[in-house]
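Below is one structure, written out as structure tokens, with a few remarks after it.
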Amino acid sequence: MLETKCGITLTASSCCGSVGQVVMKGFKDWVFALSNSMASSRPLLGSDPFFRDSQEQDNQSQVPAALEPVTGSETPCSTSGDVEIQPPLSQQQVPLESLYQSSIDLNGKKHNPLAKIGDLQVQFLRLVQRFGQSQNNILVSKVLYRVHLAMLIRAEESELKSVKLRQDRAKALAKEQESSGIPELDFSLRILVLGKTGVGKSATINSIFGQSKSETDAFRPATDRIEEVMGTVSGVKVTFIDTPGFHPLSSSSTRKNRKILLSIKRYVKKRPPDVVLYLDRLDMIDMRYSDFSLLQLITEILGAAIWLNTILVMTHSTATTEGRNGQSVNYESYVGQRMDVVQHYIHQVVSDTKLENPVLLVENHPSCKKNLAGEYVLPNGLVWKPQFMFLCVCTKVLGDVQSLLRFRDSIGLGQPSSTRTASLPHLLSVFLRRSLSSGADEAEKEIDKLLNLELEEEDEYDQLPTIRILGKSRFEKLSKSQKKEYLDELDYRETLYLKKQLKEECRRRRDEKLIEEKNPNDTEQSDQAAVPLPDMAGPDSFDSDFPAHRYRCVAAGDQWLVRPVYDPQGWDRDVGFDGINIETAAKIKRNLFASATGQVSRDKQRFTIQSETNAAYTRNSREQTFAVAVDLQSSGEDLVYSCQGGTKLQTFKHNTTDLGVGVTSFGGKYYVGGKLEDTLLVGKRVKLTVNAGQMRGSGQTAHGGSFEACIRGRDYPVRNEQISLTMTALSFNRELVLNYGLQTQLRLARGTNIDVNINMNNRKMGKINVKLNSSEHWEIALISALTMFKALVRRRKSEMTKENEEEEL
Ligand SMILES: Nc1nc2c(ncn2[C@@H]2O[C@H](COP(=O)(O)OP(=O)(O)OP(=O)(O)O)[C@@H](O)[C@H]2O)c(=O)[nH]1
Ligand SMILES: [Mg+2]
């Protein structure tokens, strides 16, 4: 009866920045991270000053290189979200991309870049109007947001207010200038076009200008040298750098392709482009992607940073969409699959799976469907030409902002690994967070401690008078208040029942422990209920080609858990899985515990590993634990080793003190750290944790610490209600980053939960996340429906205003 309630989940998330080591991370890294929090399947790529700085770069000290991020998100064996599987490694997985020091020079000289950015913002807003984009468009918001963010990072405290004003003023000014047409827009684009011969580079250029400016040929290579094709599109001066096409793979083609690439390199060094387009034919991309070696060659000669500036362009976008078995496939998923293949191989060549290149679909065939205005329309209804121009504009604006604010490319793809240095504040924050486990049953121990006193008392649940469970029809007959009372009573009983169960578990563990203490030689484990392993979700079809049908989890013995890490885009589709995830935990002796988790994957080029091992010895007499942990993680071609040792001591009844030392080795350098942590339990419901630590290496020192107060709900541990407040401080190179956080998990009423997550830093940037979940209050669904309706109306309105403006013109 009670199951008939409907489940409604409402998530409201607002993001205005990131928290943490803002100034210590590279700008681009940081923006990438932010872009993930904004709704889009393919976030717009930030631009980098690769070409602009290419002349300087030769003499400059090299910036740190990127590495392959840890694939902590990859759940073993999972193909869909049906089965909930624990992530292979702990949640404290190191986001390795932020391991490298930012090369932002915050103390660098300023030549009033903010004013120039202001002008650029006005120009961008004018172009938004010109290309018929709405200000609510996600792409526009992202660019404006990143421009704003970049300004905030650069601005002094005193300038922060004026930055906000500047953005409002820019909007008004752009509107005014665009309607009067004065001053004339001064915006130009230089676009480098790369791709194999015959993919339609020259044809795309011609389509953009609406006239045949570059020679095309269906049967022979048509462009035999680099040439600039100039023109104007909607008042924007556009210069395409058309290049000879690369040759398809053969023994002699590599030499020819190398020659073409070297000539392109020489050319762009003198006159760098704003945007790079990499073209391919949508209908010619196969799942095995034979052009991988071409991508490698491009990366080798032009440098990996070229991909940071690249938009992927797919020509022949109206080609028939056929799946593997010949049936037609939904257009969006067909395109998505092809894009993923190309993106996957770009990830391989740059050794960075976080890179996301924007994608443009193009159709140059003259008989392509057109709308009333005579513009080419794709099968998904998109008018591709304005989209094409606008994405190029966005990429250029971001590139200009970055170079004006003098952000160096912190990802630094393609740099030799010997120049990599680790970011000390990042290492310190990981070190402070990594807690040494004292046994598999740590969480249980905490609950046991809480319930210890109540174990001998009689269970409240047993003292309850009996209740008659009502059937559906009888329940319906109750009045509203009676229904509420009845449900509240059931809820109360449920809480007590759960508590009784927890206590029973506690008693069982206590008895087992007593038996163990009496017979220390009897190490035989008690029988535990067999828990089936979560298996990977299978596909809907019984296609024997699908590897998920062939691989299942391997459960060898009790202690080892071995699971394949499934990746449909892995290096070999026939093999179907990309790596292996192994977990084990064992009580070697009564007081000695060891655990290890690891994930290894290898393809033809590379072998990657992430592992965490932990061993702990507990001295029962004083509740003292000694623990050591060794972590290993691949980072590109290198390995990061970290070794930590520590002791946990119960100093008073409710107070535990942790002492830890650690060494991390990376790139031939050693980083040594120490920390002290104290945890105090006040009553049953308040837990205070404070820690402080220091890390040294490469002649530098970082200091940091955190404070956390956690208040648990009345029914803890039965119901996991809690409010926790955190404050962390990291200081490095005379810069201090303070971070405040508030996390709440509350049960407002029966069937209504609220999760609030707030993070702010001392630069007034942060993130607020509110999640309201109710199975009773349908009004919440109404709020979300209303919000969606409002958004739709607003969109309609802005479209209508745009049409009106066009009519007026
Ligand atoms: N159907 C269709 N045909 C296209 C498309 N793009 C280009 N083509 C045709 O493909 C042929 C080759 O196009 P080009 O523009 O010469 O190719 P390219 O990449 O410049 O080739 P190179 O100059 O040799 O590097 C021409 O016949 C074009 O008409 C497209 O989107 N759809
Ligand atoms: Mg050509």
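If you're wondering where the values come from, they're calculated on a predicted model, not measured in any experiment. Remember, it's 1-based here, ligands and their atoms both numbered in the order they're listed.
Donor-acceptor pairing under 3.5 Å is recorded for the side chains of Ser214 and Asp242. Asn206 and Gln211 share no donor-acceptor pair across their side chains, judged by distance under 3.5 Å alone. Side-chain N/O atoms of Glu228 and Tyr267 include a donor and acceptor closer than 3.5 Å. No side-chain N or O of Ser202 forms a donor-acceptor pair with one of Thr216 less than 3.5 Å apart.
Annotation: the span from Ser234 atom OG to Phe187 atom CZ amounts to 12.5 Å, rounded to 0.5 Å.
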Pairs under 3.5 Å, nitrogen or oxygen of ligand 1 with protein nitrogen or oxygen:
unit_1   : atom_1 : unit_2 : atom_2 : d
ligand 1 : 3 (N)  : His316 : NE2    : 3.4
ligand 1 : 6 (N)  : Asn364 : ND2    : 3.0
ligand 1 : 15 (O) : Ser202 : N      : 3.3
ligand 1 : 15 (O) : Ala203 : N      : 2.8
ligand 1 : 16 (O) : Asp217 : N      : 3.2
ligand 1 : 17 (O) : Gly200 : N      : 3.2
ligand 1 : 19 (O) : Gly198 : N      : 3.4
ligand 1 : 19 (O) : Val199 : N      : 3.4
ligand 1 : 19 (O) : Gly200 : N      : 3.0
ligand 1 : 19 (O) : Lys201 : N      : 2.9
ligand 1 : 19 (O) : Lys201 : NZ     : 2.9
ligand 1 : 20 (O) : Ser202 : N      : 3.0
ligand 1 : 20 (O) : Ser202 : OG     : 2.9
ligand 1 : 21 (O) : Gly198 : N      : 2.9
ligand 1 : 23 (O) : Thr223 : N      : 3.0
ligand 1 : 23 (O) : Thr223 : OG1    : 2.8
ligand 1 : 24 (O) : Thr197 : OG1    : 2.6
ligand 1 : 24 (O) : Ala222 : N      : 3.0
ligand 1 : 25 (O) : Lys201 : NZ     : 2.7
ligand 1 : 25 (O) : Gly245 : N      : 2.9
ligand 1 : 31 (O) : His316 : N      : 2.9
ligand 1 : 31 (O) : Glu363 : OE2    : 3.2
ligand 1 : 31 (O) : Asn364 : N      : 2.8
ligand 1 : 32 (N) : Glu363 : OE2    : 2.6

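At a threshold of 4.5 Å between non-hydrogen side-chain atoms, the residues Leu139 and Gln133 do not count as touching.
Under the rule for a side chain to side chain contact (heavy atoms under 4.5 Å, CB included), the partners of Pro386 that lie at least two apart in sequence or sit in another chain are Glu375, Val383.
At least one N/O/S atom of Thr223, whether from backbone or side chain, sits less than 2.8 Å from the Mg ion (ligand 2). Taking backbone and side-chain atoms together, Ser214 has no N/O/S atom less than 2.8 Å away from the Mg ion (ligand 2).
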